[in-house]
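Below, chains carry the letters A, B, ... as their sequence lines are ordered, and counting in each starts from 1.
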Protein chains: 2
Amino acid sequence: MASRTTQILEAAARVIARRGVRGLRVEELAAEAGVSTGLIYYHFKDRTGVLRHTLEFINDRAERYTTARDPDAEPLGPREELEQILLLELQDTQEVRENSSAWGELRASAVFDPVLREDLARATLVWVQEVAALLGQVQPMAPASALASAAERLTALLEGLSMRWLSGGIQVDHARALMQGAVEAELAGLKPR
Amino acid sequence: MASRTTQILEAAARVIARRGVRGLRVEELAAEAGVSTGLIYYHFKDRTGVLRHTLEFINDRAERYTTARDPDAEPLGPREELEQILLLELQDTQEVRENSSAWGELRASAVFDPVLREDLARATLVWVQEVAALLGQVQPMAPASALASAAERLTALLEGLSMRWLSGGIQVDHARALMQGAVEAELAGLKPR
DNA sequence: GTCTATATCAGGATAGAC
DNA sequence: GTCTATCCTGATATAGAC
């Protein structure tokens, strides 16, 4: 059974997806989670604490859905795994939508809130390194610096495309196609000549 | 001499760059502009009125600095102009910082505010088409659809990199280097083989 | 047009009962 | 651990003098 804190964090992800970080009211969160405001503060100290834990929570959740695999299925090659990780963030499902909008909100909020910056930078670094490692498996001859740059570009592009998708600028299928094109272009650029 | 309202709007742009749209306090704006809060309400009716006029103000100003060219300078080639347009948005100057923060705030707000979406989508489209046209001048043999895709990726990447820069994730020089690398990769991908 | 003073209120946060 | 009730800060907005 989901613990109380998990229940609150799931609700927080929903509220953030609906109202944004800016629009998250502790009272509305309490109502969404079906608990009292006092309990929120008991578990998370303050509003910022909720935000920080929610960031952690959505990261773990994203980890789950981008990494989860049917144990009976063929193991994926690095190229497939790379695309999996990047393209699964561009899906029109409840969970991904929540994750993406929360992530975008946190990123935007971090511009003006130094408290969020550190956590965000750390999470971003882990993500970039993961992508860089996969790129390295696909193109083992590529220098580490080139892998790092490609990974930074791909992840930054994904954030940019997500925002366009969520703000209604482009369809999710189109975003996926663009992302896929970028992966191909970056891999081509890493190929030894 | 700058009118009183202009003086307030300039101050508002500075405050938004510092605190964000959500962080803008009428009292702080008044202090920044060197006027009283009452005067803000006299000229702009309410806080939202300030926001609306400020976004308009910032747009006009951005138009100026992205379009301005020294009339005595050598005319730029399409490749240089392309890089110029994209890299101009990654400069650590007061005006660009203000503009980029405001744009990021606008994009993020549009996710939760349908009213903003239309204007944002229109502005984005113009920008994408401008970049696509320049790409087409550099690689005249490339099909229009490939140009459009590359332009969408480059502009989305720029937005992603801007956010990372503004949220303290990367240095502006690094962002510029990454952007430049992406331009090269995309142009290579458009080259006839 | 501009300022000072103040009404009003939303929302974050805490205290204390259970 | 959880809830109810409430406090209190900070921020918007208005009234009225000059």
Fill in the blank from the handout: So, with a heavy-atom separation below 4.0 Å from DNA chain C, the residues of residues 102-118 of chain A are none
Handout entry: A/Gln91 side chain reached by A/Arg176 side chain, heavy atoms, under 4.5 Å
Key = yes
Handout entry: Contact summary for A/Arg117 and B/Ser167, nearest pair of heavy atoms
Key = CD-O, 2.8 Å
Problem - Nucleic acid footprint by protein, nucleotides 4-18 of chain D - heavy-atom cut-off 4.0 Å, B for base, S for sugar-phosphate alone - result: BB-----SSBB----
Handout entry: Qualifying side chain to side chain donor-acceptor pair (under 3.5 Å) pairs with a residue from residues 12-22 of chain A, counting only residues at least two apart or across chains
Key = A/Arg14-A/Glu32, A/Arg18-A/Glu28, A/Arg18-A/Glu32, A/Arg19-A/Glu28, A/Arg22-A/Glu105, A/Arg22-B/Glu105
Handout entry: Residues clustering with A/Val50 (ILVMFWY side chains joined when closer than 4.5 Å, directly or via others)
Key = A/Ile8, A/Leu9, A/Val15, A/Ile16, A/Val21, A/Leu24, A/Val26, A/Leu29, A/Val35, A/Leu39, A/Ile40, A/Tyr41, A/Tyr42, A/Phe44, A/Leu51, A/Leu55, A/Phe57, A/Ile58, A/Trp103, A/Leu106, A/Leu116, A/Leu120
Handout entry: A/Glu81 and A/Pro75, any side-chain heavy atoms less than 4.5 Å apart
Key = no
Handout entry: Distance in angstrom units between A/Leu29 CG and D/dT2 P, rounded
Key = 14 Å
Exercise for the section: Can you pull out how bent the helix from C/dG1-D/dC18 to C/dC18-D/dG1 is, comparing the axes over its first five and last five pairs, to 10°? Expected result: 0°
Exercise for the section: Specify the separation, in whole Å, of atom CD1 of A/Ile40 and atom P of D/dC3. Expected result: 9 Å
Exercise for the section: Sort and list the pairs that fulfil salt bridge (Lys or Arg N to Asp or Glu O under 4.0 Å) and have at least one residue in residues 56-77 of chain A, not counting sequence neighbours. Expected result: A/Arg61-A/Glu98
Problem - Close side-chain approach of A/Gln137 to A/Leu82, heavy-atom, < 4.5 Å - result: no
Exercise for the section: Flag the pair A/Asp119 and A/Arg122 as a salt bridge only when some basic side-chain nitrogen lies within less than 4.0 angstrom of an acidic carboxylate oxygen. Expected result: yes
Exercise for the section: State, yes or no, whether a side-chain contact exists between A/Trp165 and A/Asp92 at a heavy-atom distance under 4.5 Å. Expected result: yes
Problem - Polar side chain donor-acceptor pair, A/Tyr65 to A/Gln84, under 3.5 angstrom - result: no
